[in-house]
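Ligands are counted one by one from 1 in listed order, and the atoms in each one are counted from 1 as well.
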Amino acid sequence: MLVLTLHLAWCAAQISLVGTTATSKLDNLTAPFIFNSLSGLITQWSNTVHGTGHSIVPGILHPFTLLYHAREDDLLLPPSPEWLAWDPEMSYAIMVPRGGQTHLFTYRTTRPANVIYFDGMSAAWGAGWLDSQHMFIYGMSKNGTKDMNWWDDYGRAEKLCEWAKSRDVEGFVRMNAGFEIVWCDFQSPTLQLVSHLNITPPGTPERDSAPRSSHRKLVDFEEVELLPFDASFQDSFDDPEGRPPRRGPGDGDGPRRGPGRGGPGWRPRISDLALTGTLEWVRAASHRSFTPQPHLTLSYADMVTYYHPRLTSLVADRIGGPMSSHRLSNISAQDALSIVEEVDEALARSAAGDRGSGFDWGSAARGIVEYWGDRVSHMHAYLVNASNPDSNATASLPAIRTLAYTLLNPYMQPGLMPNASGWDLFFGLPSTVVPSSFAFSANITALERCMYQATSFLSQLRTTPQESLLQNSIESVLSRLCNEFGVIFAQSFNLTEADSDTVHRSFIQQWTRSVEHLMQWLDWTVWLRCENVCPLDYVCSTPVWPVAWFSRWDDDAESLRPRCMRMAV
Ligand SMILES: *[C@@H]1O[C@H](CO)[C@@H](O)[C@H](O)[C@H]1NC(C)=O
Ligand SMILES: *[C@@H]1O[C@H](CO)[C@@H](O)[C@H](O)[C@H]1NC(C)=O
Ligand SMILES: *[C@@H]1O[C@H](CO)[C@@H](O)[C@H](O)[C@H]1NC(C)=O
Ligand SMILES: *[C@@H]1O[C@H](CO)[C@@H](O)[C@H](O)[C@H]1NC(C)=O
Ligand SMILES: *[C@@H]1O[C@H](CO)[C@@H](O)[C@H](O)[C@H]1NC(C)=O
Ligand SMILES: *[C@@H]1O[C@H](CO)[C@@H](O)[C@H](O)[C@H]1NC(C)=O
Ligand SMILES: *[C@@H]1O[C@H](CO)[C@@H](O)[C@H](O)[C@H]1NC(C)=O
Ligand SMILES: *[C@@H]1O[C@H](CO)[C@@H](O)[C@H](O)[C@H]1NC(C)=O
């Protein structure tokens with residue numbers, strides 16, 4: 001550890017000497033959170049597991065995108081605002097299980113439309129998930145209140161749409177099981193009605209509840225429990241044997257049984273044909289686990305986030321907690337207002353034609369996760385095995401050295417430095433510098449290349465303030481990855497079979513701890529997966545709200561683990 005500290009200090013000195021980048025002086029405490037928000041935008045798993053969204057990202061909904069809206073009445077023009085789903089499965093599963101008539105509207109967009117995306121589980125009801133919308137509304141209203149109801153979907157939509165009106169924004173993209181849009185004006189020429197169909201499945205019973213308001217209700221909490229498939233869902237986890245699902249009335253009293261189900265007066269509300277509708281919603285959401293929602297181009301250069309270090313009122317509540325515990329409700333009025341102003345500035349700048357550097361921040365962040373993610377977890381798994389007292393520590397060394405080397409080899413010049421130590425190869429300057437007229441500086445360390453190669457050029461470009469924050473987050477994440485793997489490489493490269501097994505073992509223990517801390521700090525969802533390959537009639541999914549959300553109030557890591565869910569037809 002002493003060696004590590006010395007080398008980090010030494011490297012810091014080098015960086016300032018060569019003056020390569022050291023781009024921002026921004027506080028980097030929220031860098032891993034901003035990085036996760038960025039790399040996970042419009043994907044299901046990251047936003048489910050990290051939960052409470054902090055970022056607000058303007059974007060363009062593509063022309064000719066199909067969108068869906070289901071309702072019980074047969075109005076030809078839905079009132080505004082209302083909801084559009086990207087997946088017809090979502091519209092179906094929200095309306096059909098209620099019984100009665102269901103009408104499905106299919107729309108096509110006719111032109112690009114400006115939208116604003118709230119990341120996280122922003123279309124779900126629960127502690128923290130709506131914070132960013134609520135604090136945005138709080139910030140934009142004079143004398144606003146922080147007390148807003150989760151279930152007041154229409155009140156929230158009306159306030160957001162009121163704000164959007166003068167800003168040429170047509171809707172708000174949000175996520176629960178898949179993505180949806182709060183659409184502000186159904187009379188907008190952006191929407192073209194493609195079809196309006198009565199899709200009520202044959203054999204659907206009459207709606208048996210009291211008349212509902214004409215307003216959309218998502219799924220009530222009771223209904224989550226009442227959804228006809230929750231019993232089969234319970235049975236379908238990690239159950240490749242495929243026990244037959246329990247289904248239908250009177251089939252026992254599971255602990256999660258909601259009020260009324262199976263009790264007096266209970267009767268099924270849907271047609272047999274529609275029984276899999278809810279499961280199909282989960283299947284649709286599973287298509288977006290890591291693949292960003294198509295037909296939407298986010299404007300990364302305008303990405304505003306409540307993780308900005310200037311929002312000091314939020315710092316205390318975050319200390320020590322994972323991203324899913326980060327709340328915004330203690331934000332100061334001033335900080336809340338500053339986010340609204342920042343979004344306005346970004347929208348105005350972009351409308352004036354300034355789109356920032358043009359750097360593709362989303363691909364850059366996802367590329368880093370792709371390059372490092374599975375190799376870091378491979379290294380971790382290998383180190384855990386090698387730490388076992390029964391394993392031969394000396395025999396483990398070459399593999400550890402190779403795994404570290406593989407990640408760092410694009411940056412080092414062993415061909416130029418025969419017999420150099422691992423330290424010199426990665427942390428030291430090359431003894432001979434390629435004299436050249438190349439645009440890049442050859443006189444920098446491999447460590448600096450590893451940390452800054454992807455982004456340092458941006459210092460010479462015109463970037464937006466939002467891009468500077470993203471650059472800081474990417475460089476902070478790479479800085480930690482490159483330094484820690486650099487140390488493992490240098491130390492393992494220096495060790496030989498001549499050193500004792502005890503020495504090797506103590507290094508292995510030290511590396512295991514450092515990779516473990518690194519993984520905790522990064523908190524990447526790419527490390528989540530189903531334990532087994534799921535059979536063909538299963539999908540691998542994290543719990544998704546509201547259809548398959550078991551943990552409900554308690555969002556610990558174990559309950560959010562992805563599992564094979566049976567699509568029990
Ligand atoms: C490379 O950088 C080091 C440290 O900044 C400096 O001492 C050295 O003179 C430089 N070499 C060349 C060839 O520029
Ligand atoms: C805000 O509230 C204060 C005190 O309740 C009141 O005096 C003031 O007029 C209000 N301002 C606006 C813009 O509503
Ligand atoms: C808000 O601050 C209060 C007072 O410090 C604290 O008790 C509470 O836990 C905080 N709320 C959240 C959501 O962190
Ligand atoms: C760790 O050991 C287990 C059991 O021997 C083995 O199946 C697994 O492949 C090993 N993992 C790595 C990364 O070496
Ligand atoms: C451990 O592995 C090394 C290198 O492969 C070998 O030389 C040594 O004999 C092994 N030790 C034991 C106790 O098997
Ligand atoms: C590298 O080490 C080998 C073996 O010790 C030696 O023969 C060779 O001369 C060294 N090369 C350089 C450039 O120092
Ligand atoms: C964060 O900044 C501090 C202070 O500048 C620095 O010591 C630390 O190495 C940085 N951490 C990362 C991961 O970049
Ligand atoms: C490299 O290993 C030798 C022992 O083989 C040790 O004396 C030396 O301190 C190590 N160097 C570094 C930089 O870790």
Side-chain angles (χ1 to χ4, degrees), residues 4-16 21-36 51-52 54 126-132 134-135 146-147 306 309 311-332 335-336 368 372 374-393 395-400 402-404 406 447-448 450-452 455 469 471-487 508 511-512 514-515 517-523 527 531 555:
L4 168 64
T5 318
L6 282 177
H7 267 264
L8 288 178
W10 180 79
C11 295
Q14 293 297 312
I15 291 163
S16 53
T21 56
T23 38
S24 53
K25 306 284 167 272
L26 283 164
D27 166 2
N28 60 20
L29 282 181
T30 56
F33 310 137
I34 295 172
F35 182 87
N36 277 337
T52 62
H54 279 48
W129 294 331
L130 290 160
D131 278 8
S132 62
H134 286 175
M135 295 313 124
K146 287 182 176 175
D147 291 329
Y306 287 94
L311 306 187
T312 49
S313 59
L314 296 173
V315 173
D317 286 354
R318 277 196 299 257
I319 291 169
M323 280 178 79
S324 58
S325 73
H326 296 170
R327 299 291 309 271
L328 300 177
S329 45
N330 276 345
I331 197 169
S332 67
D335 284 349
I368 290 165
W372 290 87
D374 50 2
R375 295 188 175 105
V376 169
S377 54
H378 184 167
M379 175 70 103
H380 178 251
Y382 193 90
L383 286 169
V384 167
N385 278 3
S387 312
N388 186 320
D390 299 334
S391 82
N392 180 336
S396 306
L397 266 187
I400 295 168
T402 303
L403 284 169
T406 299
L447 170 67
E448 288 167 305
C450 181
M451 296 191 296
Y452 300 127
T455 49
L469 187 63
Q471 181 176 356
N472 182 62
S473 91
I474 285 187
E475 289 176 1
S476 299
V477 162
L478 281 176
S479 161
R480 190 145 174 195
L481 283 165
C482 297
N483 270 295
E484 303 218 356
F485 274 78
V487 168
I508 286 171
W511 298 330
T512 310
S514 103
V515 173
H517 290 154
L518 172 67
M519 289 175 78
Q520 274 162 18
W521 184 79
L522 292 169
D523 188 21
W527 295 316
E531 291 300 324
D555 59 0

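There is no protein heavy atom closer than 4.0 angstrom to atom 4 (C) of ligand 4. Contact annotation for atom 7 (O) of ligand 4: protein absent (non-hydrogen atoms, distance under 4.0 Å).
Remark: the Thr455 side chain and the Gln471 side chain contain no N/O donor-acceptor pair separated by less than 3.5 Å.
Protein heavy atom nearest atom 13 (C) of ligand 7, with residue, atom name and distance: Ser476 O, 3.4 Å. The closest protein non-hydrogen atom to atom 11 (N) of ligand 7 is Asn28 ND2, 2.9 Å.
Between Asp335 and Tyr306, the closest side-chain pair of non-hydrogen atoms is not below 4.5 Å. Here the side chains of Leu328 and Leu311 are not in contact, with every heavy-atom distance at 4.5 Å or above.
In this structure, the ring of His326 has its center less than 6.0 angstrom from the ring center of Phe33.
Closest heavy-atom contact between Phe485 and Ala404: O-CB, 4.1 Å. Pairing each heavy atom of Ala127 with each of Thr52, the nearest pair is O-CG2, 4.3 Å.
Contact check on Arg327 versus Asp131 returns a salt bridge, with a Lys/Arg side-chain nitrogen under 4.0 Å from an Asp/Glu carboxylate oxygen.
Which parts of ligand 3 touch Ser329 is read off a 4.0 Å heavy-atom cut-off, strictly below it: atoms 13 (C). Close approach to Tyr382 involves these atoms of ligand 4, each under 4.0 Å from a residue heavy atom: 13 (C), 14 (O). Per-residue contacts place Ala381 under 4.0 angstrom from the following atoms of ligand 4 (heavy atoms of the residue considered): 13 (C). With ligand atoms numbered from 1 in the order given, ligand 3 contributes 13 (C) to contacts under 4.0 Å with heavy atoms of Arg327. Distances below 4.0 Å separate heavy atoms of Asn385 from the following atoms of ligand 4: 1 (C), 2 (O), 3 (C), 8 (C), 10 (C), 11 (N), 12 (C), 14 (O).
Nearest residue to atom 2 (O) of ligand 3 from Thr52, Ile331, Asn330, Asp317 is Asn330 (criterion: closest heavy atom).
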